[in-house]
Amino acid sequence: MPEYNYAHNNTQGGERKTRTAQFNKYKCSGSHISQLTEKLRLHANEREIPTACDETLNFICNLARIKNAKNILELGTGIGISGICLLDACPDASLTTIEKNEMFFYEARENFGWANMEGRVVQIFGDAGEEIECQTEDSYDFIFMDSAKVQYVKYLPRLKKLLKNGGVIVADDVLLYGWVTGEEQPPQKRAALVRHIQEYINAATADDELFTTIVDIGDGIAVSVKK
């Protein structure tokens with residue numbers, strides 16, 4: 001499968017590369033999902049829709065496998081690629097996924113159908129901050145957050161309540177193009193975004209209820225395990 005990057009406009013060349021990216025390739029369980037996700041990612045890239053790179057997908061899917069996730073919550077469905085990959089990695093899991101972009105919501109519904117996974121997915125159209133308030137506490141053992149980065153720190157207290165003891169919160173893009181680590185100078189208009197991400201990292205790593213590690217994969221991943 002080819003390697004893919006984020007396709008945001010004005011991102012100084014796309015997602016940062018790590019030294020391990022060449023080794024960490026995402027692998028599906030079968031040819032049907034492999035062909036589908038390759039097609040979806042190519043089409044998304046052509047339209048400048050952001051998708052997770054191989055290394056990020058490889059990591060989150062292996063983490064979900066290790067956890068043997070059964071109930072997954074995803075903030076930021078996009079067009080369904082990461083959700084499909086997580087369900088492929090965890091055959092006994094169900095997915096609740098939230099998306100506020102109407103076009104993405106309906107495209108993801110179609111893609112879950114193509115993957116024959118529609119029966120394992122609850123799609124919610126709405127704002128993640130509002131919708132997580134409606135979810136039942138202690139319901140999820142794996143949460144993948146890939147939504148508005150400025151909201152991560154605001155979501156954290158509620159996500160902790162939704163998570164079972166021993167469950168995992170995975171927050172994507174916490175190093176964002178190297179801006180957060182200082183590898184690259186962020187544009188002035190992104191300074192507030194970087195500050196909010198730093199606030200999330202500080203909150204997650206200082207939280208006495210969580211064990212948190214920042215992983216240098218893709219654009220950075222924060223992995224938090226609830227005690």
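What you see is a predicted model, and the numbers here were worked out from it, not measured in a lab. Both backbone and side-chain heavy atoms feed into the values below; hydrogens, waters and symmetry mates do not.
Of the candidates T205, T212, D207, S224 forms a side chain to side chain donor-acceptor pair (under 3.5 Å) with just one, namely T212. Shown are L159, L75, V225; of these, the side-chain contact (heavy atoms from CB on, under 4.5 Å) with I169 is made only by L159.
Residues C85 and T37 share a closest heavy-atom pair of SG-CG2, 4.0 Å. Residues I79 and A44 approach most closely at CD1-CB, 3.8 Å, considering heavy atoms. Scanning all heavy atoms of the two residues, the minimum distance from C53 to G218 falls at SG-CA, 4.1 Å.
Between M145 and V170 the shortest side-chain heavy-atom distance does not fall below 4.5 Å. When side chains are defined from C-beta on, E74 does not count as touching D146, because their heavy atoms never get closer than 4.5 Å. The shortest side-chain heavy-atom distance between Q35 and K39 does not fall under the 4.5 Å cut-off. Contact of the C90 side chain with the N68 side chain is not registered, since no non-hydrogen atoms from C-beta on lie closer than 4.5 Å. Y177 places a side-chain heavy atom less than 4.5 Å from the side chain of D219. Residues D141 and V168 form no side-chain contact, since every pair of their non-hydrogen atoms from C-beta on lies 4.5 Å or further apart. Side-chain contact between I33 and M117 is present, with at least one heavy-atom pair separated by less than 4.5 Å. Contact annotation: the side chain of F211 never approaches that of V223 to less than 4.5 Å [non-hydrogen atoms, C-beta and beyond].
More than 12 heavy atoms of other residues, nucleotides or ligands sit less than 6.0 Å from atom NZ of K67. Counting non-hydrogen atoms of neighbouring residues, nucleotides and ligands closer than 6.0 angstrom, the NZ atom of K164 exceeds 12 such neighbours. The environment of NZ in K161 is sparse: at most 12 heavy-atom neighbours from other residues, nucleotides or ligands sit within 6.0 Å.
Taking CD1 of I72 as the start and CD1 of I143 as the end, the distance is 11.0 Å to the nearest 0.5 Å. With rounding to the nearest 0.5 Å, the separation of NZ in K27 from CG in N58 is 9.0 Å. Taking CZ of F104 as the reference point, atom CD1 of I49 lies at 4.5 Å (rounded to 0.5 Å). Taken to the nearest 0.5 Å, the CD1 atom of I214 stands 11.5 Å off from the OG1 atom of T181. Rounded to the nearest 0.5 angstrom, R190 CZ and K149 NZ are separated by 12.0 Å.
No salt bridge links K160 with E137; every basic N to acidic carboxylate O contact stays at or beyond 4.0 Å.
Looking only at distances, no side-chain donor or acceptor of D173 sits under 3.5 Å from a matching main-chain atom of L176. Side-chain N or O atoms of T56 include none that pairs as donor or acceptor with a backbone N or O of A52 at under 3.5 Å. Under a 3.5 Å cut-off, the side chain of R120 and the backbone N or O of A93 do form a donor-acceptor pair. Side-chain N or O atoms of H32 include one that pairs as donor or acceptor with a backbone N or O of W114 at under 3.5 Å. Judged purely by atom type and a 3.5 angstrom limit, D172 has no side-chain atom pairing as donor or acceptor with the backbone of I221. Using a distance-only test at 3.5 Å, with no hydrogens or angles considered, no donor-acceptor pair links the side chain of R41 to the main chain of T51.
F23 and L57 are members of different hydrophobic clusters when ILVMFWY side chains are connected at heavy-atom separations under 4.5 Å.
Side-chain contact, D88 with S29: a donor N or O sits under 3.5 Å from an acceptor N or O. Counted by atom type alone, Q123 and T77 present zero donor-acceptor pairs between their side chains at under 3.5 Å. At a cut-off of 3.5 Å, with distance as the only test, a side-chain donor of N71 or S94 sits close to an acceptor on the other residue. Side-chain contact annotation: Q135 with T96, donor-acceptor N/O pair under 3.5 Å absent.
Every salt bridge (Lys or Arg N to Asp or Glu O under 4.0 Å) that D138 has, sequence neighbours left out, goes to K226.
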Carefully, step by step, assess F144 and T97 under the rule side-chain contact (heavy atoms from CB on, under 4.5 Å).
CA-CA 9 Å; F144 179 50; T97 182; over 6 Å; no

CA sep, side-chain torsions, deciding dist, call: E99, R109, salt bridge (Lys or Arg N to Asp or Glu O under 4.0 Å)
CA-CA 11 Å; E99 177 58 57; R109 175 175 289 180; over 6 Å; no

Are E55 and T18 close enough, and set up right, to give a side-chain contact (heavy atoms from CB on, under 4.5 Å), and what steps lead you there?
CA-CA 9 Å; E55 187 173 38; T18 66; 2.6 Å; yes

With salt bridge (Lys or Arg N to Asp or Glu O under 4.0 Å) as the test, would you mind laying out the steps for E107 and R47 before giving the verdict?
CA-CA 13 Å; E107 188 168 343; R47 294 180 291 159; 2.5 Å; yes

Going through the distances and angles, do N62 and R65 end up as a side-chain contact (heavy atoms from CB on, under 4.5 Å)?
CA-CA 5 Å; N62 278 340; R65 287 187 184 101; 2.6 Å; yes

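Ring planes of Y152 and Y200: perpendicular class, angle over 60° (limits at 30 and 60°).
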